[in-house]
Amino acid sequence: MLIRITWRRAILTLLVLAAGALLFAWSGIFNIAASGGHWAITNWVLHGVMRNSVRTHSLLVEAPPPLDDIALKARGAGHYASGCAPCHGAPGEPQNPIIQRSTPHPPDFSESLDDWTPKELFRIVQHGVRYTGMPAWIVPERRDEVWAMVAFLEALRDMEPEEYRRLAYGAEAPRQPPGSSAGIGGLGTPPAEVLADCARCHNRDGQGRDGAAFPVIAGQNEAYLLQALRAFADGSRHSGIMQPPAARAGDEALRALAAHYAAQPRQPVPQSFDPALLAEGERIARQGMPENQVPACLSCHGAEALARNPSWPRLDGQHAPYLEGQLALWREGLRGGGPYHRIMQTVASRLTPEQAHAVSAWFASQGGGE
Ligand code: HEC
Ligand code: HEC
Ligand code: HEC
């Protein structure tokens with residue numbers, strides 16, 4: 001017998017199928033338990049879809065910066081230890097068995113990492129993977145931070161546990177995932193475990209490590225430090241790397257941390273610059289550029305102005321790439337901050353990248369010291 005396919009019959013069949021699917025979903029027969037894992041075929045389909053999606057979307061990713069940069073790798077590693085290792089494991093830190101019971105479970109990078117290209121890794125880390133628990137970067141627009149993570153992942157493939165520990169926890173901090181040990185500081189002293197968390201990246205003395213990986217916070221104005229930390233904690237200053245430690249510290253600890261780091265002596269960081277570049281930078285810092293309505297930077301960032309406005313930052317003895325990076329973030333509309341940060345948005349938007357480069361170099365070359 002031949003059944004003629006008509007529009008009516010086709011639509012009716014679809015409706016019956018849809019009703020069947022709804023009934024199936026409503027009945028609760030479908031087993032959503034993670035314990036059994038996916039069937040091999042489901043795994044194959046899902047992972048295939050994910051691979052293809054990543055490959056296609058990564059075509060639009062810009063060319064990577066030089067990834068063999070110790071500052072990038074250290075910044076990525078510091079965040080990896082608290083933001084990624086709890087799911088993916090790390091060299092010398094096997095994956096948590098609880099995590100292995102999730103479906104799909106995160107690949108164990110203490111064993112291996114597939115041969116994704118840097119652009120593909122960028123895509124995965126920037127946007128995460130839907131339906132899997134793989135989170136997106138907190139601020140996907142911070143492409144500089146996502147590239148730092150990619151630089152670290154590239155190096156992770158053949159990294160020894162020793163090297164990982166140094167890159168992720170610093171030379172001085174004990175190997176200690178954040179929040180893993182209790183410690184109570186005295187009145188006005190930061191709790192030991194919170195300071196240990198900051199020290200992984202900034203050291204206890206606030207000088208940082210691994211070249212320009214982390215800004216110098218030693219000897220910075222206390223009021224500015226507190227304002228910056230609160231801005232990270234409430235997300236009004238955007239950084240996928242700094243927001244989590246500031247948010248998990250809690251406001252009371254932030255006050256103590258600002259006092260602690262403000263009291264550390266500031267050592268100038270060794271950097272060398274071309275004298276012509278410094279001369280150009282000094283001119284902008286001292287005189288500004290009246291023709292472009294750029295005020296003299298020292299009118300706010302000089303010693304006298306800072307004495308009047310303790311919630312404004314000193315810039316001397318800072319890493320030049322950090323200062324330049326912050327100016328670039330303001331130009332892109334990505335740098336928030338305290339109540340006065342919009343002043344800087346205006347100032348930075350009037351500087352060309354070359355001028356920002358020169359003036360950052362000049363401030364960086366200025367002595368540090370008390
Ligand atoms: C809550 C757990 C979780 C956290 C935290 C997490 N991931 Fe993932 N990640 C996953 C899961 C689950 C997958 C598997 C996705 C899949 O199967 O398609 C994954 C996949 C990946 C992949 C693709 C690996 C592959 O070969 O398929 C990379 C790369 C990755 N994650 C990097 C990171 C980085 C870097 C971080 C930290 C910024 C991070 N992940 C944080 C759960 C997590
Ligand atoms: C995983 C590494 C890491 C950890 C942990 C970390 N920081 Fe940071 N910190 C950074 C990076 C990277 C930046 C630069 C952020 C940016 O580019 O937006 C930064 C920026 C800062 C700034 C802003 C400096 C300025 O001149 O505006 C302060 C203040 C700061 N951190 C303090 C802390 C404190 C206090 C802690 C502990 C609660 C901490 N950090 C934990 C990496 C880290
Ligand atoms: C009218 C006052 C004012 C002038 C002029 C000014 N700044 Fe600023 N600047 C600020 C304030 C306020 C902040 C703090 C913003 C925040 O994070 O809340 C700041 C922050 C900065 C930062 C970030 C520091 C850090 O540690 O993250 C840089 C870099 C900077 N200024 C560079 C410059 C340069 C270069 C010039 C001159 C071209 C300049 N500023 C002129 C007020 C000023």
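Values in this document were obtained by computation on a predicted structure and should not be read as measured data. One-based numbering, in listed order, for ligands and for the atoms of each.
Between the side chain of R142 and the backbone N or O of I241 there is no donor-acceptor pair closer than 3.5 Å.
Per-residue contacts place P295 under 4.0 angstrom from the following atoms of ligand 3 (heavy atoms of the residue considered): 5 (C). When each atom of ligand 2 is checked for a heavy atom of L225 under 4.0 Å away, the hits are 29 (C). Interface atoms of ligand 3 facing H341, defined by a heavy-atom separation under 4.0 Å, are 15 (C), 16 (C), 18 (O). Residue L121 approaches ligand 1 through these ligand atoms, each under 4.0 Å from one of its heavy atoms: 29 (C). When each atom of ligand 3 is checked for a heavy atom of A296 under 4.0 Å away, the hits are 5 (C). Residue P104 approaches ligand 1 through these ligand atoms, each under 4.0 Å from one of its heavy atoms: 12 (C). For ligand 3 and Q227, the ligand atoms under 4.0 Å from any heavy atom of the residue are 18 (O). Taking every non-hydrogen atom of H47 and a distance limit under 4.0 Å, the qualifying atoms of ligand 1 come out as 17 (O), 18 (O), 27 (O). The D114 neighbourhood of ligand 1 comprises atoms 26 (O), with distances under 4.0 Å to a heavy atom of that residue. Near M149, meaning under 4.0 Å from any of its heavy atoms, are these atoms of ligand 1: 35 (C). Those atoms of ligand 1 with a heavy atom of G83 less than 4.0 angstrom away are 5 (C), 37 (C), 41 (C). Taking a cut-off of under 4.0 Å to the non-hydrogen atoms of L323, the atoms of ligand 3 that pass are 29 (C). Each of the atoms 2 (C), 12 (C) of ligand 3 lies under 4.0 Å from some heavy atom of W312. The atoms of ligand 1 that sit less than 4.0 Å from any heavy atom of M50 are 18 (O), 27 (O). Here is the list of ligand 3 atoms found below 4.0 Å of a heavy atom in G337: 17 (O), 18 (O).
Summarising the contacts of atom 27 (O) of ligand 2 with Y80, Y169, Y224, the nearest heavy atom is found in Y224. Distances from atom 41 (C) of ligand 3 to the heavy atoms of A356, C297, G338 put C297 nearest. Of the options N221, L315, L298, the smallest heavy-atom separation from atom 28 (C) of ligand 3 is shown by L315.
Residue Y322 has at least one nitrogen or oxygen atom sitting less than 3.5 Å from a nitrogen or oxygen atom of ligand 3, judged on distance alone. By the 3.5 Å distance cut-off applied to N or O atoms, R248 is not counted among the residues near ligand 2. Between Q220 and ligand 2, no N or O atom pair is found at a separation short of 3.5 Å.
Residues H105 and Q100 bring no donor and acceptor atom of their side chains to less than 3.5 Å of each other.
For the pair F109 and ligand 1, a heavy-atom separation below 4.0 Å is found.
A salt bridge links E162 to R165: one of the charged nitrogens lies within less than 4.0 Å of a carboxylate oxygen. A salt bridge links R157 with E154: the closest approach of a Lys/Arg side-chain nitrogen to an acidic carboxylate oxygen falls below 4.0 angstrom. Salt-bridge formation is not detected for the pair R166/E163: no Lys NZ or Arg NE/NH1/NH2 atom is positioned less than 4.0 Å from an Asp or Glu carboxylate oxygen.
In the displayed structure, I41 atom CD1 is contacted under 6.0 Å by at most 12 heavy atoms of other residues, nucleotides or ligands. Around the CD atom of E304, the shell of radius 6.0 Å holds no more than 12 heavy atoms that belong to other residues, nucleotides or ligands. Around CD1 of I32, the count of heavy atoms belonging to other residues, nucleotides or ligands within 6.0 Å does not exceed 12. Residue I98 places its CD1 atom among 12 or fewer non-hydrogen atoms of other residues, nucleotides or ligands, all under 6.0 Å distant.
Here the N, O or S atom of H301 that is nearest to atom 8 (Fe) of ligand 3 is NE2.
Taking atom 26 (O) of ligand 1 as the reference point, the nearest protein heavy-atom neighbour is W116 NE1, 3.0 Å. Scanning all protein heavy atoms for the shortest distance to atom 1 (C) of ligand 3 gives C300 SG, 2.6 Å. Nearest protein heavy-atom neighbour of atom 22 (C) of ligand 3: W330 CZ3, 3.5 Å. Looking only at protein heavy atoms, the nearest one to atom 13 (C) of ligand 3 is P313 CD, 3.5 Å. The protein heavy-atom contact nearest to atom 17 (O) of ligand 3 is R335 NH1, 2.8 Å. Of the protein's non-hydrogen atoms, the one nearest atom 30 (C) of ligand 3 is M344 CE, 3.3 Å.
For atom 8 (Fe) of ligand 1, protein N/O/S neighbours under 2.8 Å (waters excluded) are H88 NE2, M134 SD. For atom 8 (Fe) of ligand 2, the neighbouring protein N/O/S atoms at less than 2.8 Å, given as residue and atom, are H202 NE2, M242 SD.
Between D158 atom CG and L113 atom CG the span is 10.5 Å, to the nearest 0.5 Å. The CZ atom of R237 sits 15.0 Å away from atom CZ of R230, with the distance rounded to the nearest 0.5 Å.
One hydrophobic cluster holds both L153 and M50 under the rule that ILVMFWY side chains link at heavy-atom gaps under 4.5 Å.
Residue L229 touches ligand 2 through its side chain alone, judged by heavy-atom distances below 4.0 Å. With a heavy-atom cut-off of 4.0 Å, N309 does not touch ligand 3 at all. Counting heavy atoms closer than 4.0 Å to ligand 1, residue L46 contributes nothing at all.
Relative ring orientation between Y164 and Y169 is described as perpendicular, the plane-to-plane angle rising above 60° on a 0-90° scale split at 30° and 60°. In this structure, F24 and F30 have perpendicular ring planes: the angle between them is above 60°, well past the 30° mark.
Taking the six-membered ring for Trp, Y224 and W312 have ring centres at least 6.0 Å apart.
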